[in-house]
Protein chains: 2
Amino acid sequence: METTRPRRELSRTRIVDAAVALLDGEGTHALTMRRLAQSLGVTPTALYWHVDTKEDVLGLAVDHIFGDVPVPAASDDWRRDVRTLVGGWRAAMLRHPWAPGLIGRPMRGPNVRARTEFLQAALGRGGHEGRRLDVVTRLIANFVIGSAVTEAAWGRTSPHDDDLFHGGLDELLR
Amino acid sequence: METTRPRRELSRTRIVDAAVALLDGEGTHALTMRRLAQSLGVTPTALYWHVDTKEDVLGLAVDHIFGDVPVPAASDDWRRDVRTLVGGWRAAMLRHPWAPGLIGRPMRGPNVRARTEFLQAALGRGGHEGRRLDVVTRLIANFVIGSAVTEAAWGRTSPHDDDLFHGGLDELLR
DNA sequence: ACCTGAACACCGTTCAAGT
DNA sequence: ACCTGAACACCGTTCAAGT
């Protein structure tokens, strides 16, 4: 089929990986198309063959970190399922503190969608349905996002923040 | 426009007002120090006498829009107080859709702090205290922020979004 | 198909100098 | 105290050209 070449080729995924590395290492302001290209040993303009725009790269980077959120197997304890998913969700964002600030854009990524659907399904197993199911799904999702945004903004997350977050989640799953 | 009219003097507040106008009119990408200066009939570098950095301007702009959120007089119906405050909070953010995306750092502004304290006081009147008061305050604040962030990201807010938001709030004030 | 080089139209910020 | 002008070190993106 395809012979592996000695030179690593450029690709969409390689670009996204490099972008995440740059964001993790040096923060939002460090992600420029030029520095990104440099970290890949390539010309800035080369990126544009694989990617439409910088905004595009940012969106892919956000969706990428959601891919690391483990989707638990659905168990018979729906509350635990929700807590596991949402805890991983929050942890992923706090592990990449640049991500919450970037969630002003395409949450349309497939990884994000899959997690949201799992959340909704778990709440469905909890007996919610109809409008109430939609309400509670959004309530939880927006609480998690809001928490991540404000905590990431503050710099570091304290044990007190963790406590308040889990307390809030308990309140919602009561 | 009116070159004959004597130019008003530059000031911190005049800069912030112009920044908000620019953000409202043309969005985040339009706010550059150069265009901001131009809209004030002044040299880009003149801004730096009144303001430290562009980040500074952004922070002031966010706090400014929170100043427009009416803080209701505390009544004997704490639930209504919460709903009024939080509704105005959300409305202000959706009126300036660039704001949620900018809620990075400047939740330290005085306008923001005043609203948060009113929220906590109202919940206190509702009988919450100790850890539970902190938990619920954060829960509501982060829900509002998360809602504004995701809705602003999606472009426009539909009546369905409104419905889900108020449903969520009812759930929290149950 | 995939990448380079040069170019365009911008940026934020500093700093000496003017008033 | 307040503002200008020039300059520095960057940006994202397009496009012809090479392979």
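Residue numbering restarts at 1 for every chain, and letters A, B, ... go by the order of the sequence lines. Values below: every heavy atom of this structure, side chains too, minus hydrogens, waters and symmetry copies.
- For the OP1/OP2 pair of C:dC10 and a distance below 4.0 Å, the side-chain nitrogens and oxygens of B:Thr32 include no atom meeting the criterion.
- One atom, CD of A:Gln38, and another, C1' of D:dC11, lie 14 Å apart when rounded to the nearest Å.
- Whole-Å rounding puts the A:Glu9 CD to C:dA1 P distance at 14 Å.
- Side-chain proximity of B:Ala46 to D:dT4, C:dC2, D:dT13: nearest is D:dT4.
- Side-chain contact between A:Val86 and A:Phe143 is absent, with no heavy-atom pair separated by less than 4.5 Å.
- Rounded to whole Å, the distance from CZ on B:Arg14 to C1' on D:dC2 is 14 Å.
- Spacing between atom CH2 of B:Trp49 and atom P of C:dT13 amounts to 17 Å, rounded to whole angstrom units.
- Under a hydrophobic clustering in which Ile, Leu, Val, Met, Phe, Trp and Tyr are joined whenever their side-chain heavy atoms come within less than 4.5 Å, directly or via other members, A:Val149 and A:Val112 fall into the same cluster.
- Listed pair A:His29 / C:dG12 fails the phosphate criterion, with no side-chain N or O lying under 4.0 Å from OP1 or OP2.
- Nearest nucleotide to the side chain of B:Lys54, out of D:dG12, C:dC3, C:dG12: C:dG12.
- For B:Asn111, the side-chain contact (heavy atoms from CB on, under 4.5 Å) partners at least two apart in sequence or on another chain are B:Asp63, B:Phe66, B:Arg115.
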Distances for protein N/O vs nucleotides 14-19 of chain C N/O pairs under 3.5 angstrom?
none

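- Contacts of B:Asp68 classified as salt bridge (Lys or Arg N to Asp or Glu O under 4.0 Å), with partners at least two apart in sequence or in another chain: none.
- The side chain of B:His50 places an N or O atom within less than 4.0 Å of a non-bridging phosphate oxygen (OP1 or OP2) of D:dC3.
- Between B:Ile15 atom CD1 and D:dC2 atom C1' the separation is 11 Å, expressed in whole Å.
- Distance B:Glu55 CD to C:dC11 P: 17 Å, rounded to the nearest Å.
- Closest to the B:Pro44 side chain, of the nucleotides D:dG12, C:dA1, C:dT13, is C:dT13.
- By the 4.0 Å N-to-carboxylate-O rule, A:Asp76 lies too far from A:Arg125 to be salt-bridged with it.
- A salt bridge links B:Glu171 with A:Arg132: the distance from a Lys NZ or Arg NE/NH1/NH2 to an Asp or Glu carboxylate oxygen falls below 4.0 Å.
- Of all non-hydrogen atoms in A:Pro97 and A:Ala152, the two that sit nearest each other are O-CB, 3.6 Å.
- Qualifying side-chain contact (heavy atoms from CB on, under 4.5 Å) partners for B:Leu94, counting only residues two or more places apart in sequence or in other chains: B:Arg90, B:Glu151, B:Thr157.
- Atom C1' of nucleotide D:dC11 and atom CG of A:Leu36 are separated by 14 Å, given to the nearest angstrom.
- For the pair B:Arg34 CZ and C:dG12 C1', the computed distance is 7 Å after rounding to whole Å.
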Nucleotide pairing, DNA chain D (Watson-Crick or G-U, distances under 3.5 Å), in dot-bracket with [ ] and |: ||.|||||...|||||.||
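- Under the salt bridge (Lys or Arg N to Asp or Glu O under 4.0 Å) criterion, B:Asp17 pairs with no residue at all, not counting sequence neighbours.
- Not one N or O on the side chain of B:Arg138 forms a donor-acceptor pair closer than 3.5 Å with the backbone of A:Phe165.
- Taking atom C1' on both nucleotides, D:dC8 is separated from C:dC11 by 12 Å, rounded to a whole Å.
- Rounded to the nearest Å, the gap between the P atom of D:dA9 and that of C:dA9 is 23 Å.
- Of the candidate nucleotides C:dC3, C:dT13, D:dT13, D:dT13 has the atom lying nearest to any side-chain atom of A:Met33.
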